[in-house]
Novice: 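Can you read through this structure? Questions will come right after.
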Amino acid sequence: MTYKKDFPIFQKNKNLVYLDSAATSQKPKQVIDSMNQFYNDFNANINRGLYDLSIQSTEGYESAREKVAQFIGASRDEIIFTSGTTDSLNKLARTLPKLFHTKSEIVLTEMEHHSNIVPWQETSKENKMKLKFIPLKNMELDYEIAEKIINDKTAIVSLTHLSNSLGTINNIEKIIELAKKYGAIVIIDAAQSIAHKKIDVKKLNCDFIVFSGHKMFASTGIGIIYGKKQILEKLPAFQFGGDMIKEVSLEESSYELPPKKFEAGTPNISGAISLGNAVEYINKIGINKIEKYENELTVYTIKELKKIPEIIIYESKNQGPIISFNLDNIHHHDVASILAYENIAIRAGHHCCMPLMKKLEVQGTCRISISIYNNKEDIDKLIQGIKKVKEVFK
Amino acid sequence: MTQQVYREQLLELWKHPLNKGVIENPSCEYKEMNSFCGDEITIQLIIKNNIVKDAKFNGIGCVISIAMASLLTEEIKGKSLEEIKEINPEKIIKSLGVELNPIRAKCAMISLTALQKAIK
């Protein structure tokens, strides 16, 4: 596959080996053009404007909602625009506990990103709820323990689909089934999986899915909450102000129906339009084709990495296109720095997963993440780069 | 470029750091963390009559942070607390003899921050 040509950044940076798509993906020309077109041709605020530009802008924004809905098998009024996964999780953490009066436990996992831990810590303090964590076993979730942790006290289960540090693909179907047995609400953090795997919310039967646009070829500052209609109808609004109201008097106000109820103020219109175009771009290639291609490249990468002596790969049985490793006693920063001199972009650090790093008993790892614009040549350059690192520290 | 940061002198300090270890009864100590990479460096000092008699560091870090902790603990021995407070971070980074981008500059700063908090 030669999708590199679709991404202008590789024309400007001819020798760039970009293996940090889990941090943010590069943007295809189609997405960049859609944002330029919005600002050049029809920039206006959405809703209520009675002139052409505003109507066009509203149509662009709403058609993006429709495209996202279709992409994950939802209906359009179940799609809420946010600024990103962190924003989505914070909004849910602040409001969801209000729906529970008797259940008092929130279940997370040890491999969560800080954005799926810290908001729950805050909300559990405020609402006198208890946090529980599904532990890690051989880079996977320990499903046996999960069966004990999730029970009739569980109000909310929130977990990642694809670990941003380890690349582990979690068996979310199993966790959803468990949670549903006890009537708990399930949130899936799909930030890392959305650009790489088919997600069908109806098949999954989860209550919420959250993700960011910028990890799936769209711009930064746009994200999604998918929420089941029945729950959204009960959920309190996240913020209050313009666009989310039906009627306002000086004393009180009534609110719009979802999704409008959850989108106060002028939203990120260009971001939403970019996300709609990113979805179109993915659809043009086909998400299943993307998954197959990236999976083959991941297998190739792990095979090549394993040929390097003294490499530790934090590998699971269900590996997505993210691989974490350490090189003997060489610090992850030094590995990434030397690779950077070779024009190879990887990430080094705790990947916003300090509790997970503690569990692995490491300060951090080197992380490579793969997207459709990567190829075997990139991986071969990476391997050469790692050999160079070893040379420096010989 | 590789050679610039990973000069032999710095690599040597990483392989054989100066003043790495533990002081049993330090006059003061501080553990500083770099939240960006998770590294921790502890600085321990023996101070007599306002003068640093001994300085040690401990922790895990990259080449830059270990080399810096080595050079810094060496530099401050025999200096007064006032002199230590006057240490200029930029000058100390310069003493490494390499150009650091803002992210790597943080690696260099971790031991200096630990030191300054230790004597506070």
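Numbers restart at 1 for each chain; the letters A, B, ... are given by sequence-line order, proteins then strands.
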Novice: When you look at A:Thr160 and A:His113, which way does the side chain to side chain donor-acceptor pair (under 3.5 Å) test go after all the steps?
Specialist: CA-CA 8 Å; A:Thr160 182; A:His113 188 279; over 6 Å; no

Novice: Give a yes-or-no answer on whether the side chains of A:Ser212 and A:Thr85 include a donor-acceptor pair shorter than 3.5 Å.
Specialist: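 Judged by distance alone, the side chains do pair up.
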
Novice: Which answer fits A:Met357, side chain, backbone, both or neither, if we ask what part of it has an atom under 4.5 Å from a heavy atom of chain B?
Specialist: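 Interface part for A:Met357: neither.
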
Novice: Do you know which of B:Asn101, B:Ile103, B:Ile60 has the most heavy-atom pairs with chain A at a distance under 4.5 angstrom?
Specialist: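 Greatest number of close heavy-atom pairs with chain A: B:Ile60.
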
Novice: Non-hydrogen contacts under 4.5 angstrom with chain A: give the residues of residues 42-54 of chain B involved, or none if there are none.
Specialist: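 Not one residue of residues 42-54 of chain B has a heavy atom under 4.5 Å from chain A.
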
Novice: Write out, in numerical order, the residues from residues 104-120 of chain B with a heavy atom short of 4.5 Å from a heavy atom in chain A.
Specialist: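 Counting heavy atoms that sit under 4.5 Å from chain A, the residues of residues 104-120 of chain B involved are B:Arg104, B:Cys107.
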
Novice: Does A:Ile379 reach the side chain of A:Asn374, with side-chain heavy atoms less than 4.5 Å apart?
Specialist: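 In short, these two side chains do not touch, never coming nearer than 4.5 Å.
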
Novice: May I ask you to test the A:Thr298-A:Ile323 pair for a side-chain heavy-atom distance under 4.5 Å?
Specialist: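 Side-chain contact under 4.5 Å: yes.
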
Novice: Measure the spacing between CG of A:Asp328 and CZ of A:Phe393 and express it to the nearest 0.5 Å.
Specialist: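 Going from CG on A:Asp328 over to CZ on A:Phe393, the span is 10.5 Å.
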
Novice: Can you name the nearest heavy-atom pair linking A:Lys4 to A:Leu16, along with the distance?
Specialist: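 Between these two residues, the closest heavy atoms are NZ-O, 4.4 Å.
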
Novice: Based on non-hydrogen pairs under 4.5 Å, which of A:Ser337, A:Cys352, A:Gly349, A:Ala340 is most in contact with chain B?
Specialist: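 Sorted descending by pairs with chain B, the first entry is A:Ser337.
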
Novice: Do A:His331 and B:Asp39 come within less than 4.5 Å of each other through their side chains, counting heavy atoms only?
Specialist: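 With C-beta onward as the side chain, the pair touches.
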
Novice: Tell me, for A:His332 versus chain B, whether the close heavy atoms (under 4.5 Å) come from the side chain, the backbone, both or neither.
Specialist: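 Contact with chain B is through the side chain of A:His332 alone.
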
Novice: Flag the pair A:Lys388 and A:Glu391 as a salt bridge only when some basic side-chain nitrogen lies within less than 4.0 angstrom of an acidic carboxylate oxygen.
Specialist: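 Judged by the 4.0 Å cut-off on N to carboxylate O distance, A:Lys388 and A:Glu391 do not form a salt bridge.
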
Novice: For a 4.5 angstrom cut-off between non-hydrogen side-chain atoms, does A:Ser163 reach A:Ile322?
Specialist: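 Result no, sub-4.5 Å side-chain heavy-atom pair not found.
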
Novice: For the residue pair A:Tyr373 and A:Asp378, establish whether any side-chain heavy-atom pair is separated by less than 4.5 Å.
Specialist: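 Answer no - side chains too far apart.
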
Novice: Answer whether the closest heavy-atom distance between the side chains of A:Ile312 and A:Thr365 falls below 4.5 Å.
Specialist: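 The answer is no, as the side chains (C-beta and beyond) never meet within the 4.5 Å cut-off.
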
